[in-house]
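Reviewing the structure listed below.
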Amino acid sequence: MPGGRLTQQERQQIAAGLADGLAYAEIARRLDRPTSTVTREVMRNGGPTGYRADLAHRATERRAHRRRQAAPRGTQAPPPAHGRDPDAVREYEEAFTTLLMQSGLPKMMAAVLTCLYTCDSGSLTGTELVQRLQVSRASISKAVAFLESQGLIRRERDDRRHERYVVDNDVWYQSMISAAQSNAQLAETARRGVAILGPATPAATRLENIARFIDFVGESIIRAAEQAREVLYTEPRPEDR
């Protein structure tokens, strides 16, 4: 049942495959499941070194129970638009969420970001996110607060004064600039260590090299972000059309 939930026996097979050092793709092939399903299962249940089939099965049952309790009665996620295959959309969203989790985002934050990336409007209200993800409003509030603090989304008010969470071209630009600024702080901290540890010492040399590398990469990121914003997202002038 490639589209159904993992059974306890399948989770045991995943654990056995991990113990044998098999890649996610090989485990998925043996189970006749998408690779993203196996990857997501392992990443949210301890990772490749901490995965246990029995604990993963219990955790899944608890999550399903919490979703049933948290979801408002009579609400459900809207059907995919434009005649899209709902199964294909769901599988893609799961794969995207898993990729974001592997990059370091917590699961709920990754799920919210995926919803915003894949909806046509690029913006959703808290209520719409609750309906799509079937989780509590508190979970959504926590996730969007984190994403906003990282410069990955922004808030705005629509015509009816509803607060919406938005991803657009400028959010990516701001996120890149924010990352470069954070790196600049790291470079500055590394350079302070040079004077403290002694300019001629191996540790100070290491810190100076770190600072130089970060400066070079950070400046390159800022230049690339500004060029991409100008070239890709600037509306052409009327005379250029």
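Numbers for residues simply follow the sequence, beginning at 1.
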Under the side-chain contact (heavy atoms from CB on, under 4.5 Å) criterion, do Val42 and Leu18 qualify, and how do the steps go? CA-CA 9 Å; Val42 174; Leu18 293 171; 3.9 Å; yes
Output, in order, the C-alpha distance, side-chain angles, deciding distance and verdict of salt bridge (charged side-chain N to carboxylate O under 4.0 Å, His left out) for Arg212 and Asp215. CA-CA 5 Å; Arg212 288 178 178 176; Asp215 282 342; over 6 Å; no
Step by step, would you call Arg229 with Gln174 a side-chain contact (heavy atoms from CB on, under 4.5 Å)? CA-CA 10 Å; Arg229 188 189 199 192; Gln174 296 297 339; 4.3 Å; yes
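Contact between Arg11 and Leu6 at its shortest, heavy atoms only, is NH1-O, 3.0 Å. The shortest heavy-atom contact between Gly198 and Ala204 is O-CB, 2.9 Å. Of all heavy-atom pairs spanning Thr125 and Arg164, the tightest one is CG2-NH1, 3.3 Å. A pairwise comparison of heavy atoms in Met176 and Ala225 identifies CB-CB, 4.2 Å as the closest pair. Leu129 approaches Tyr165 most closely through the heavy-atom pair CD1-CD1, 3.8 Å. The two residues Cys115 and Leu133 come nearest to each other via the heavy atoms SG-CD2, 3.5 Å.
The neighbour count for Tyr92 OH, taken as heavy atoms of other residues, nucleotides or ligands under 6.0 Å away, does not exceed 12. Annotation for Met43: atom CE counts as buried by contact number, over 12 foreign heavy atoms lying within 6.0 Å. More than 12 heavy atoms of other residues, nucleotides or ligands lie within 6.0 Å of OH in Tyr117, so this atom counts as buried by the packing criterion.
At least one side-chain heavy atom of Arg132 sits under 4.5 Å from a side-chain heavy atom of Cys119. Taking the side chain as every heavy atom from C-beta outward, Lys142 and Met108 never approach each other to under 4.5 Å. The shortest distance between side-chain heavy atoms of Ile177 and Ile222 falls below 4.5 Å.
Distance check: Ile210 CD1 to Leu186 CG gives 7.5 Å after rounding to the nearest 0.5 Å. With values rounded to the nearest 0.5 angstrom, Thr39 atom OG1 is found 9.5 Å from Ile14 atom CD1. Of the inter-residue distances, the one linking Leu124 atom CG with Leu116 atom CG reads 5.0 Å to the nearest 0.5 angstrom. Atom CD1 of Ile214 is separated from atom CD of Gln185 by 11.0 Å, given to the nearest 0.5 angstrom. Within the model, atoms CD of Glu41 and CZ of Arg5 stand 12.0 Å from one another, a figure rounded to the nearest 0.5 Å. Taken from OG in Ser123 to NE2 in His162, the straight-line distance is 13.0 Å, to the nearest 0.5 Å.
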Atom pairs and distances, side-chain donor-acceptor, residues 147-156, under 3.5 Å, sequence neighbours left out:
unit_1 : atom_1 : unit_2 : atom_2 : d
Glu148 : OE1    : Arg155 : NE     : 2.6
Glu148 : OE1    : Arg155 : NH2    : 3.3
Glu148 : OE2    : Arg155 : NE     : 3.4
Ser149 : OG     : Phe146 : O      : 2.6
Arg154 : NE     : Asp168 : OD2    : 3.3
Arg154 : NH1    : Glu156 : OE1    : 2.8
Arg154 : NH2    : Asp168 : OD2    : 2.4
Arg155 : NH1    : Glu163 : OE1    : 2.9

Do any side-chain atoms of residues 22-31 form donor-acceptor pairs under 3.5 angstrom with protein atoms, and if so which ones, sequence neighbours left out?
unit_1 : atom_1 : unit_2 : atom_2 : d
Glu26  : OE1    : Arg29  : NE     : 3.2
Glu26  : OE2    : Arg29  : NH2    : 2.7
Glu26  : OE2    : Arg30  : NE     : 2.9

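Scored by the side chain to side chain donor-acceptor pair (under 3.5 Å) test, Asn209 finds no partners at all (sequence neighbours excluded).
When the side chains of ILVMFWY residues are joined at heavy-atom separations under 4.5 Å, either directly or via intervening members, Leu99 and Met109 end up in two distinct hydrophobic clusters.
Side-chain atoms of Thr98 and Ser36 form no donor-acceptor pair, as typed in the model, at a separation below 3.5 Å.
A side-chain donor-acceptor contact under 3.5 Å links Ser141 to the backbone of Arg137.
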